[in-house]
2 protein chains.
Amino acid sequence: MPHDQPLSRIQTRNRRVILDAALEEFAAAGFAGVTLDRIAAAAGLSKPNLLYYFASKEAIYTALLDDLLDLWLAPLRDLDPAGDPQAEILTYVRKKLALSQSHPRESRLFANEVLQGAPRLGPVIAGPLAQLVADRAALIRGWAEAGRIAPVDPHHLIFSVWALTQHYADFEAQVRAVLGPAHDPYAEAGPFLETLYRRLLAV
Amino acid sequence: MPHDQPLSRIQTRNRRVILDAALEEFAAAGFAGVTLDRIAAAAGLSKPNLLYYFASKEAIYTALLDDLLDLWLAPLRDLDPAGDPQAEILTYVRKKLALSQSHPRESRLFANEVLQGAPRLGPVIAGPLAQLVADRAALIRGWAEAGRIAPVDPHHLIFSVWALTQHYADFEAQVRAVLGPAHDPYAEAGPFLETLYRRLLAV
DNA sequence: GTCTATACTCTGATAGAC
DNA sequence: GTCTATCAGAGTATAGAC
């Protein structure tokens, strides 16, 4: 796409189709494990046509990452300083788990990127993401110091929410294989995590 | 290596050097992201020589995976039915976290594999691994029913240990970027996880 | 056991017709 | 905007000398 004009309807639609197909592929195989042929086939376009919409494979990948962060951090951003601390954190956990269930491909894309040292997302993580976490950690620390939740390391509390919720998307293959087909991972994870954080934070 | 003879000293050594170099590369870039050239360079061998020791890139990768599982599951296997339930689980968490710290490459290799749907490890996960988890879950359930730990879903308790400990290896790039250079992730994670599981399991 | 040279395939990207 | 044809480079693996 050589020009910077506003996108036509067909352009918007094709870009969306390409990104959706690419998300599927990149999440399943990582950046290097995906070929333009596969993305093109999944999107129902020819390879040169794909490259008419995005300059390169890299450009498709970074477009996906760019779209990801806002969605990914929204639940943490939503923590309300004026709300009830325990309820706020439980709501955060619930939203984050729901995000794993509704957007597992995004979760795996993100996991792939960080696992490989965040070569493309590094600056964003060290910048805006770290900034948001610092801000929210301060909020949580305040709640703990006021005795409204049990004392807890706020940074590692946030890490625990990421780890526990994203695990169900990122390690889905393992979770399902271990639990067997009779279990519904997310239906069980909800109550488990609710119990865990209630007991962790109870004053 | 065409023959099935016992390995000479030099063969044993070169196989080890190759596997060590390959672990580094595969953990960092995933199966598809690694070239034989990179592994050969890291191992200090020529590419054809590499292929003298392993039939293919695939063979190197699966050799690594084969070596992985015993190490990975040892702490869970160590759970002692005769021990104190809370102490046993806390010891498990401690060992698993220590494993993340001492073997982050193995953790990331495993994460990469499962993230991509466990194409090669699938049968092992659905078989021996699931069997071990079922066994240990029964043990933990017994402890809970006897009132020796608080009521908790044993499968998801085990998942939580995996998620919380492996997170520090798999998402190390993010953890370090968020905490900044002044923090020591593992030194902080130990007490945090200890507190978390004490509160979760206290009767 | 180890190397140089090379065969062959796949893949990202471009040219140019329509 | 989309396609066919194609190039250049990278990558796995093998042949064969030493």
Side-chain angles (χ1 to χ4, degrees), chain A residues 1-65 109 112-113 116 119-120, chain B residues 1-65 112 116 119-120:
Chain A
M1 207 125 30
H3 20 272
D4 281 330
Q5 304 307 316
L7 302 179
S8 73
R9 238 174 252 88
I10 193 168
Q11 284 175 330
T12 306
R13 188 183 166 283
N14 273 346
R15 279 183 65 96
R16 193 184 309 277
V17 168
I18 291 169
L19 289 175
D20 188 68
L23 172 58
E24 189 80 28
E25 302 294 328
F26 283 131
F31 180 77
V34 171
T35 65
L36 289 178
D37 271 319
R38 284 188 61 90
I39 300 176
L45 298 172
S46 68
K47 189 161 54 166
N49 200 10
L50 202 83
L51 291 167
Y52 170 79
Y53 286 99
F54 291 90
S56 65
K57 178 181 168 182
E58 176 86 23
I60 303 176
Y61 187 75
T62 54
L64 285 171
L65 286 182
L109 181 73
N112 251 309
E113 167 70 9
Q116 306 191 359
R120 297 165 181 87
Chain B
M1 209 125 27
H3 21 274
D4 280 330
Q5 305 307 317
L7 302 179
S8 73
R9 241 177 248 89
I10 192 168
Q11 284 174 332
T12 306
R13 189 183 166 282
N14 272 346
R15 278 182 67 96
R16 195 187 306 279
V17 169
I18 291 168
L19 288 176
D20 188 68
L23 173 57
E24 188 79 28
E25 301 294 327
F26 283 131
F31 181 78
V34 171
T35 66
L36 289 178
D37 271 321
R38 285 186 61 90
I39 300 175
L45 298 172
S46 69
K47 190 161 51 167
N49 201 8
L50 203 83
L51 291 167
Y52 170 77
Y53 287 99
F54 291 91
S56 65
K57 176 180 170 182
E58 177 87 23
I60 303 177
Y61 186 76
T62 53
L64 285 171
L65 287 183
N112 250 309
Q116 306 191 0
R120 297 164 182 89

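Note that the coordinates shown come from a computational prediction; the quantities given were computed from them, not determined experimentally. Each chain gets a letter, A, B and so on, in the order the sequences are listed, and its residues count up from 1.
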**Study point:** A:Tyr52 side chain near C:dT14 phosphate (N/O to OP1/OP2, under 4.0 Å)
**Key:** no
Study note, to complete from the structure: So CG of A:Leu23 and CG of A:Leu64: to nearest 0.5 Å the spacing works out to 5.5 Å
Practice item. To the nearest Å, give me how far apart CG (B:Leu51) and C1' (C:dC3) are. Key: 13 Å
Point to revise | CZ on B:Phe26 to CG on B:Leu19, rounded to 0.5 Å | key: 10.0 Å
Check your understanding: Rounded to whole angstroms, how far apart are NZ on A:Lys57 and C1' on C:dT14?
Key -> 18 Å
Review point. What distance separates A:Tyr52 OH from A:Gln11 CD, expressed to the nearest 0.5 Å?
Key: 5.5 Å
Review point. Just how far, in rounded Å, is P of C:dG1 from CZ of B:Arg9?
Key: 11 Å
**Study point:** Interface with DNA chain D, restricted to residues 33-48 of chain A and to heavy atoms under 4.0 Å
**Key:** A:Ser46, A:Pro48
Point to revise | Separation of D:dT4 C1' from A:Leu50 CG (nearest whole Å) | key: 16 Å
Study note, to complete from the structure: Whole-Å distance, A:Arg15 CZ to D:dG1 P, equals 12 Å
Review point. Taking the inter-plane angle between the rings of B:Tyr61 and B:Phe31 on a 0 to 90° scale, is it parallel (under 30°), tilted (30 to 60°) or perpendicular (over 60°)?
Key: perpendicular
Review point. Is the count of non-hydrogen atoms from other residues, nucleotides or ligands lying under 6.0 Å from A:Arg120 atom CZ greater than 12?
Key: yes
**Study point:** Whole-Å distance separating the CG atom of A:Asn49 from the C1' atom of C:dG12
**Key:** 16 Å
Review point. Atom OH of B:Tyr61 to atom P of D:dT12: distance rounded to whole Å?
Key: 15 Å
Check your understanding: To the nearest 0.5 Å, what is the distance between CD1 (A:Ile39) and CG (A:Asp20)?
Key -> 11.5 Å
